[in-house]
> 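The structure under discussion is supplied below as structure tokens; questions concerning it will follow.
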Amino acid sequence: MSRLNRPWVRGLGLSLLALLALATLLNGLLHAWLAPGGDMYLRLNEYGYFRTGVFPHPLLALRKGLEITAVSVYPPYAMPMFALFFHWGGALQGQVVIQVMSLLSLGVIGWCGHRLLKGAGPAAGMLGALAGAAISGNSNALAQGQFSLICMGLITTQWLLLARQQRIPAGLCWAMAMIKPQIAMPFALPFLQARRLRALVVGVALLLALSAVALWHTGITPLDYLQIWMRPQSMDFIRGGSQSSAGDLADSFGISAAASQLLVAGLTAMSMGMWWWCRRGQPEDPLQTAAVCAVASAVGFYHLNYDNILMVPALLATLRLGITGDRPHWRPLAVAMALSLWTPQRIIELVPLGGQAQLLLWLVVGVLLALQAPVLNADGESLSEPRHAGLS
């Protein structure tokens, strides 16, 4: 272990991690331009229908006598949000906006990671700065033109704004991150305080207003929309191949994917609510809370590896405890967490039940982080507060 503490060993490890992060990002960026045709083009097609007043779903389009193949799984409020990415310049605008905003988001995430870990030394700070960028799924997110990185950039900004007591802007950031609700929904948890509840109401009001605009523009009633998602087969896309505990449950027990997702999401929400209630009155450790929200999102909802950036709060919290904690079990857990996120998913999937083991590891880490006492300084204040972690 003493050799691992030598400066040249730390420097070599950080250099390799930086090269891994650079290769990951360049691979995704170049793939998006050299081999276009990822998920972004599906969103562009859906927005094209929406612009003409047709909701991009075959059953809803049939109400207007149209036969289409587009099946959007995005909620109605996302349709007006797509305008930012596609309205004026189509695919070119989408590529540029998504890539620029994704890289800016990684910059914000890296800056926060550095500030959160730098108290343990320059090497730890650099590790925090690189931890998010090195997540292997980032390459697929950029290649596919996914919104995952942007969502976590907005969620990170939400936490920064909450640390500065700017609650309404934080609520708006959360609302915009809800373009991917399976990532952002659990991160509403910190708003469940009397002083912050109004910010959540403002965020939800924005989503409802955007939904109303989308439904009015396409001539669809809320009941029309709800009916297509009340069908037993409406969530079949979460089955086989997804990184989804609900999908695995549906496949294993033969129940409908919709019922499975509802059950898993309900249990996740109940567990989070109970944890939040039990921690009332205690000093809040924002990084711990964010980590619990991240694990709840990862375990409770459908994801593919391009969403793995959502686990960066749990990764940073585990690294913090592995570096500065006095309990030895956090060091191997920090290594395991890093490997589960930095290793390409295709390699993990080569291991029998590798994807399920990955989810199980995240669940175990989430439970342990939830049971962990808040990380406080000698004055009993959270080390993740802005004046201690450099977030202000």
> Are the side chains of P56 and N45 in touch, meaning some heavy atoms are under 4.5 Å apart?
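Side-chain contact under 4.5 Å: no.
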> Sequence neighbours excluded, which residues qualify as side-chain hydrogen bond (donor to acceptor under 3.5 Å, both in side chains) partners of Y47?
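If we apply the side-chain hydrogen bond (donor to acceptor under 3.5 Å, both in side chains) test to Y47, skipping adjacent residues, the hits are H87.
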> Which residues pass the ring pair (Phe, Tyr, Trp, His ring centres under 6.0 Å) test with Y49, not counting sequence neighbours?
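Checked Y49 against ring pair (Phe, Tyr, Trp, His ring centres under 6.0 Å); zero matches.
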> Between F82 and F147, how do the two ring planes meet: parallel, tilted or perpendicular, split at 30° and 60°?
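Plane angle between 30° and 60°, so tilted.
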> Hey, does L103 have a side-chain heavy atom less than 4.5 Å from the side chain of L29?
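Of all side-chain heavy-atom pairs linking L103 with L29, at least one is under 4.5 Å.
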> Between L162 and P286, is any pair of side-chain heavy atoms under 4.5 Å apart?
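They are not in contact (no side-chain heavy atoms under 4.5 Å apart), so the answer is no.
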> Would you say CE of M40 has more than 12 non-hydrogen atoms from neighbouring residues, nucleotides or ligands within 6.0 angstrom?
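For M40, atom CE is crowded (more than 12 foreign heavy atoms under 6.0 Å).
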> Quick one: is the NZ or CZ of R327 closer than 6.0 Å to the six-membered ring centre of W330, and within 45° of its axis?
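Geometry flag: not set, cation outside 6.0 Å or 45°.
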> Checking side-chain polar atoms at under 3.5 Å, does Q165 have a donor or acceptor matched by the opposite partner on R167?
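Short answer, yes.
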> Taking it one step at a time, do I68 and F55 satisfy side-chain contact (heavy atoms from CB on, under 4.5 Å)?
CA-CA 10 Å; I68 66 173; F55 199 93; over 6 Å; no
> Before giving the answer on side-chain contact (heavy atoms from CB on, under 4.5 Å), spell out for T218 and L60 the whole-Å C-alpha distance, their side-chain angles and the decisive distance to 0.1 Å.
CA-CA 9 Å; T218 55; L60 295 176; over 6 Å; no
> Hey, can you pull the donor-acceptor pairs under 3.5 Å for the side chains in residues 199-212, sequence neighbours left out?
residue	atom	partner	partner atom	Å
S211	OG	L207	O	2.8

> When you look at CH2 of W33, are more than 12 heavy atoms from neighbouring residues, nucleotides or ligands closer to it than 6.0 Å?
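Yes, CH2 of W33 has more than 12 neighbouring heavy atoms, counting only those of other groups under 6.0 Å.
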> Could you please spell out the steps behind the side-chain contact (heavy atoms from CB on, under 4.5 Å) verdict for L25 and L106?
CA-CA 10 Å; L25 299 181; L106 284 174; 3.5 Å; yes
> What side-chain donor-acceptor pairs closer than 3.5 Å can you find for residues 178-198, not counting sequence neighbours?
residue	atom	partner	partner atom	Å
K180	NZ	Q146	OE1	2.7
K180	NZ	D307	OD1	2.8
R196	NH1	P190	O	3.0

> Does any N or O in the side chain of Q95 come within less than 3.5 Å of the main-chain N or O of A32, such that one atom is a donor and the other an acceptor?
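Looks like yes, one N/O pair under 3.5 Å.
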> Is R279 salt-bridged to D285, going by a charged N under 4.0 Å from an acidic O?
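The answer is no: the pair does not qualify as a salt bridge.
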> Contact between N308 and M311 at the side-chain level, heavy atoms closer than 4.5 Å - yes or no?
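Not touching, per the 4.5 Å side-chain cut-off.
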> Answer yes or no: is there a donor N or O on one side and an acceptor on the other, between the side chain of Q288 and the main chain of Q372, under 3.5 Å?
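Flag set: sc Q288 to bb Q372 pair under 3.5 Å.
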> Taking the side chain from Q358 and the backbone from S340, do they hold a donor-acceptor pair closer than 3.5 Å?
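Between the backbone of S340 and the side chain of Q358 there is a qualifying donor-acceptor contact (under 3.5 Å).
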> Hey, mind stepping through H57 and Y225 against side-chain contact (heavy atoms from CB on, under 4.5 Å) and telling me if it holds?
CA-CA 10 Å; H57 192 284; Y225 184 78; over 6 Å; no
> Is a side-chain N or O of W362 found less than 3.5 angstrom from the main chain of A296, in a donor-acceptor match?
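Side chain of W362 to backbone of A296, a donor-acceptor pair under 3.5 Å: no, none is there.
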> For the backbone of A370 and the side chain of W275, can you confirm whether one donor and one acceptor N or O come within less than 3.5 Å of each other?
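Flag set: sc W275 to bb A370 pair under 3.5 Å.
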> Test of understanding: with ring pair (Phe, Tyr, Trp, His ring centres under 6.0 Å), list the residues that count as partners of H217, not counting sequence neighbours.
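Here the qualifying residues are F50.
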> Tell me whether K64 contacts the main-chain N or O of G53 through its side chain, where contact means a donor paired with an acceptor under 3.5 Å.
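Pair found, side chain donor or acceptor close to backbone of G53.
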> Please identify each residue that fulfils ring pair (Phe, Tyr, Trp, His ring centres under 6.0 Å) with F86, with sequence neighbours left out.
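Testing F86 for ring pair (Phe, Tyr, Trp, His ring centres under 6.0 Å), a comparison that skips the adjacent residues, returns none.
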> Tell me if a side-chain donor or acceptor on Q93 pairs with a main-chain N or O of W88 at a distance below 3.5 Å.
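At least one qualifying donor-acceptor pair exists.
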> Using a strict threshold of under 4.0 Å (side-chain N to carboxylate O), is an ion pair present between R346 and E349?
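The answer is no: the pair does not qualify as a salt bridge.
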> More than 12 non-hydrogen atoms from neighbouring residues, nucleotides or ligands closer than 6.0 Å to CH2 on W229, yes or no?
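Enclosed.
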> Roughly how far, to the nearest 0.5 Å, is CD1 of I109 from OG1 of T156?
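Nearest 0.5 Å value for the OG1-CD1 distance: 4.5 Å.
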